[in-house]
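So the structure is just underneath, and the comments pick up after that.
So that the names make sense, note that chain A is the first sequence line, chain B the second, and so on, each numbered from 1.
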Protein chains: 2
Amino acid sequence: MSPAKKDAGAPKKGERTRAKILDTALALFQEHGYEATTMRRIAEGAGVALGNAYYYFESKEHLIQGFYAKTHVEHLAACEPILAREKDLVARLKGVLHAKVDTAEPYHRISGVLFKSAADPKSPLSPFSSASAPVRTDAIELMRRVVDESDGRLPKDLAERLPEMLWLHEMAIILFWLHDESPGRARTRHLIDRTADLVAKLVSVASFPLMKPLRTSALELFDELKHDATPGA
Amino acid sequence: MSPAKKDAGAPKKGERTRAKILDTALALFQEHGYEATTMRRIAEGAGVALGNAYYYFESKEHLIQGFYAKTHVEHLAACEPILAREKDLVARLKGVLHAKVDTAEPYHRISGVLFKSAADPKSPLSPFSSASAPVRTDAIELMRRVVDESDGRLPKDLAERLPEMLWLHEMAIILFWLHDESPGRARTRHLIDRTADLVAKLVSVASFPLMKPLRTSALELFDELKHDATPGA
DNA sequence: GTCTATAACCGGATAGAC
DNA sequence: GTCTATCCGGTTATAGAC
């Protein structure tokens, strides 16, 4: 009766070990940086053997996926009050992006390494990879809320693709943020405000009925290109 | 008289060894990929001891700087006939970008790894780093030729910044290309043609005298943001 | 002082016993 | 599912050769 003894609802057998390893790793990454943190040190801190850490996580890099998920959850929480309060599309967009910068701030030091693989299509860490699909999908859904629950009216074809476009915009902001050493990330915040205004202008221009042909061909191009870049989406 | 014996103009003492190591490394990277190529194998292939390779190159990654320089030179050569032939800005831009895709094609397999550090501000391999400044500056100069020797007339303030903007555009194209597995990189080529047309339209609209205020504020934003992203440029 | 070679070190990853 | 013992390859220290 030993394996069947546990009650349903309790954290499964080794699930606790897994969480312990991840938490330890993230804490050490934050304190000493990614490179300086060895797998041996993580295992030691988590109270397990080195090999055991590899039983739960394929590689050191795979620990980072957990990091993505964690910061994303924090971002979601920070967005709730903003989305409840603001109804204007631009205000919602700015709010969500500033919240991203806010919640990511504690990890600025190590984020460079964490996003290292953004450009490597084969890496599971790339935001475009299928391994990143869960978080990516969720982040796009957040942008869908930004758009759908705003008080503006948009043509259907545009409203459909806009969330993905805004997610790409967010990725670009993050890339800029990685290189931003200005106090308070002032430059990134400026970039957010200016490009959000730009997005609003583009959207409103693109929404004129007269713009339909141009809009259609632009959206077709987007669809076509998307296919290749994000096979999982 | 042994050290002073050599004639001026001959390839300096160890300069040959350096070149041998680099050539061997690039060949092996291309054949087996970056990860699979060990420093021991490179040293062996170049006929030197392992430690010797580190005398000439700080790290395995530093071998990649040589790679950047090499492909850039090839790109420059490929652009000459295009720039001599075409005088229309769009045609010149498309020609230069397609040439980039052409010359980079043999290295597509390994480029993912090579650009891994694009997002890491601390890495000397980042295209924005000061270590990459020589190649970056040269690539921007190429874009300046694309603009300056074209037959269109541009307002001075725009013509001044356009080369840097076009270089950023090129970086974005390359990022897309890294993820592009379509035959003949058809999607990247499509992206080039469509965005080059878009650039042309934007440039011509921005050149209207009536657009001067908007153009000025857009260029000011660009100047302001550039400062942080590329301290070396 | 410029270059080359040998022998470690260190840390990510794996094999296989318990 | 957890451990111990190794492997493997990037990197470094160091001793010498030209």
Side-chain angles (χ1 to χ4, degrees), chain A residues 2-6 10-22 24-25 28-29 32-67 110 113-114 116-117 120 122-125, chain B residues 1-6 8 10-22 24-26 28-29 31-67 110 113-114 116-117 120 122-125:
Chain A
S2 38
K5 192 163 55 179
K6 298 242 173 216
K12 292 223 193 87
K13 1 183 185 182
E15 208 52 37
R16 219 180 254 291
T17 314
R18 185 192 187 80
K20 189 78 195 297
I21 294 169
L22 182 57
T24 308
L28 288 172
F29 287 163
H32 308 289
Y34 179 78
E35 312 280 355
T37 304
T38 72
M39 286 297 282
R40 282 164 178 84
R41 183 71 190 74
I42 293 169
E44 186 193 342
V48 299
L50 172 62
N52 203 356
Y54 281 96
Y55 176 79
Y56 288 103
F57 296 92
E58 265 184 55
S59 74
K60 191 179 177 184
E61 284 200 338
H62 276 75
L63 284 163
I64 296 174
Q65 287 288 352
F67 167 87
I110 52 167
V113 193
L114 305 190
K116 232 184 160 170
S117 307
D120 185 0
K122 278 137 213 154
S123 168
L125 271 80
Chain B
M1 92 158 74
S2 35
K5 191 164 59 177
K6 297 243 174 213
K12 292 221 196 89
K13 358 184 184 184
E15 207 52 37
R16 216 179 259 289
T17 312
R18 187 191 185 80
K20 189 77 194 295
I21 293 168
L22 182 57
T24 307
L26 295 185
L28 287 172
F29 288 164
E31 193 175 358
H32 307 290
Y34 179 77
E35 311 280 356
T37 304
T38 72
M39 287 297 281
R40 285 164 177 84
R41 181 71 190 76
I42 293 169
E44 186 193 342
V48 300
L50 173 62
N52 204 353
Y54 280 94
Y55 176 80
Y56 289 102
F57 296 92
E58 266 185 53
S59 73
K60 192 179 176 182
E61 284 201 336
H62 276 74
L63 283 163
I64 296 175
Q65 288 286 355
F67 168 87
I110 52 167
V113 191
L114 305 190
K116 230 182 161 169
S117 307
D120 185 0
K122 279 136 213 152
S123 168
L125 272 78

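OP1 and OP2 of C:dT14 both lie 4.0 Å or more from every side-chain N or O belonging to A:Y54. Within the structure, every side-chain polar atom (N or O) of B:Y55 is placed at least 4.0 Å from both OP1 and OP2 of C:dT4.
Across the protein-nucleic acid pair, B:M39 atom CE and C:dC9 atom P stand 20 Å apart, rounded to whole Å. The distance between atom CD of A:E44 and atom P of D:dT4, rounded to the nearest whole Å, is 13 Å. Atom CG in A:N52 sits about 14 Å away from atom C1' in C:dA17, given to the nearest Å. Atom CG in B:L63 sits roughly 11 Å away from atom P in D:dG10 (whole-Å rounding). One can place CG of A:L50 at 8 Å from P of C:dG12, the figure rounded to the nearest angstrom. If you measure from atom CD of B:E35 to atom P of D:dG10, you get 9 Å, rounded to the nearest angstrom. Between the P atom of C:dT14 and the NZ atom of A:K60 lies a distance of 15 Å, rounded to the nearest Å. Summarising the geometry, the separation between CD on B:E61 and P on D:dG9 is reported as 18 Å, rounded to the nearest angstrom.
Closest to the side chain of A:V48, from the set D:dT11, D:dC3, C:dA5, is D:dC3. Across D:dT2, C:dG12, D:dG10, the shortest atom-to-atom separation from the side chain of A:T17 is found for D:dT2. Picking from D:dG9, C:dG12, C:dT6 the nucleotide with the shortest atom distance to the side chain of B:T38 gives D:dG9.
Residues A:M39 and A:L63 are in side-chain contact: their nearest non-hydrogen atoms beyond the backbone lie under 4.5 Å apart. Using a 4.5 Å heavy-atom cutoff, the side chains of A:F57 and A:L22 are in contact.
Contact annotation for B:F57: no contact, since no heavy-atom pair falls under 4.0 Å across all strands.
Contact record, B:I42 with B:I21: CG2-O, 4.0 Å, taken as the closest heavy-atom pair.
Residue-to-nucleotide proximity on DNA chain D shows that, of A:R40 and A:Y56, the 5′-proximal contact is made by A:Y56.
For the pair B:R18 and B:Y55, the cation-pi criterion (under 6.0 Å, within 45° of the ring axis) is not fulfilled. Within the cation-pi definition used here (under 6.0 Å to the ring centroid, within 45° of the axis), A:K60 qualifies as a partner of A:Y34.
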